[in-house]
Amino acid sequence: MLIYCVQIKYTTEALTAIIDEQQDRQAAAIALSESVGGKLLGMWGAMGQEDYHQFAVIEVPNDVAYMAAYMKLMKSGAFESLRTIKCYTTAQVVEAASNAAGIDYTPATG
């Protein structure tokens, strides 16, 4: 499974609806994640910065599943922007470091 952190910025209209109707968007995020074979690991509001309103961390089986969910979100018109950060585990760092040890590379010299 792959893990993504998604930084969420709602449109003014969507944010107004969330505030006026006291909407909790977590149930919708859970349903979306599950519809692509994934899982919502957590969702938080963001204070102290102005670029994004919320952050969600999701786990999905592959990049195509994530792209499908992303497309569905953007098609909804409720988001001004979604910023995707693909995350990796410390175990994956160790695996990559092990693989890097066996790679031949000659750097440019001057």
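Residue numbers start at 1 and run along the sequence shown.
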When you measure from the side chain of [X] to the backbone N and O of [Y], does any donor-acceptor pair fall under 3.5 Å?
{"X": "Glu34", "Y": "Leu32", "result": "no"}
{"X": "Thr16", "Y": "Thr12", "result": "yes"}
{"X": "His53", "Y": "Lys9", "result": "no"}

Do [X] and [Y] belong to the same hydrophobic cluster, where Ile, Leu, Val, Met, Phe, Trp and Tyr are linked whenever their side-chain heavy atoms lie under 4.5 Å apart, directly or via other members?
{"X": "Val57", "Y": "Val60", "answer": "no"}
{"X": "Ile85", "Y": "Leu40", "answer": "no"}
{"X": "Tyr70", "Y": "Ile8", "answer": "yes"}
{"X": "Val36", "Y": "Leu41", "answer": "no"}
{"X": "Met1", "Y": "Ile30", "answer": "no"}

Using every non-hydrogen atom in the two residues, find where [X] and [Y] come nearest and quote the distance to one decimal.
{"X": "Met43", "Y": "Ala29", "value": "SD-CB, 3.7 Å"}
{"X": "Tyr52", "Y": "Ala46", "value": "O-CB, 3.8 Å"}
{"X": "Thr84", "Y": "Tyr66", "value": "OG1-OH, 2.5 Å"}
{"X": "Gly38", "Y": "Pro61", "value": "N-CD, 4.2 Å"}

For Gln23, all residues meeting side chain to side chain contact (heavy atoms under 4.5 Å, CB included), sequence neighbours excluded
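Per chain and number, Gln23 pairs via side chain to side chain contact (heavy atoms under 4.5 Å, CB included) with Ala17, Ile18, Glu21, Arg25.
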
Please name all residues satisfying side chain to side chain contact (heavy atoms under 4.5 Å, CB included) with Ser76, sequence neighbours left out, ordered by chain then number.
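Residues passing side chain to side chain contact (heavy atoms under 4.5 Å, CB included) with Ser76: Ala78, Phe79.
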
Stepwise side chain to side chain contact (heavy atoms under 4.5 Å, CB included) check, Leu2 with Lys86
CA-CA 8 Å; Leu2 303 175; Lys86 191 171 183 179; 4.1 Å; yes

One pair to check against side chain to side chain contact (heavy atoms under 4.5 Å, CB included): Val93 and Tyr88. What are the steps and the verdict?
CA-CA 7 Å; Val93 172; Tyr88 47 87; 3.4 Å; yes

Could you tell me the separation between the CE atom of Met67 and the CE atom of Met74, rounded to the nearest 0.5 Å?
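CE of Met74 is found 15.0 Å from CE of Met67.
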
Nearest 0.5 Å, what's the CD-OG1 distance between Glu95 and Thr89?
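It comes to 8.5 Å.
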
Tyr4 versus Glu59, side-chain donor and acceptor atoms under 3.5 Å:
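Side chains of Glu59 and Tyr4: no pair found under 3.5 Å.
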
Any salt bridge linking Arg83 with Asp51? Criterion: basic side-chain nitrogen under 4.0 Å from a carboxylate oxygen.
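Salt bridge absent between Arg83 and Asp51.
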
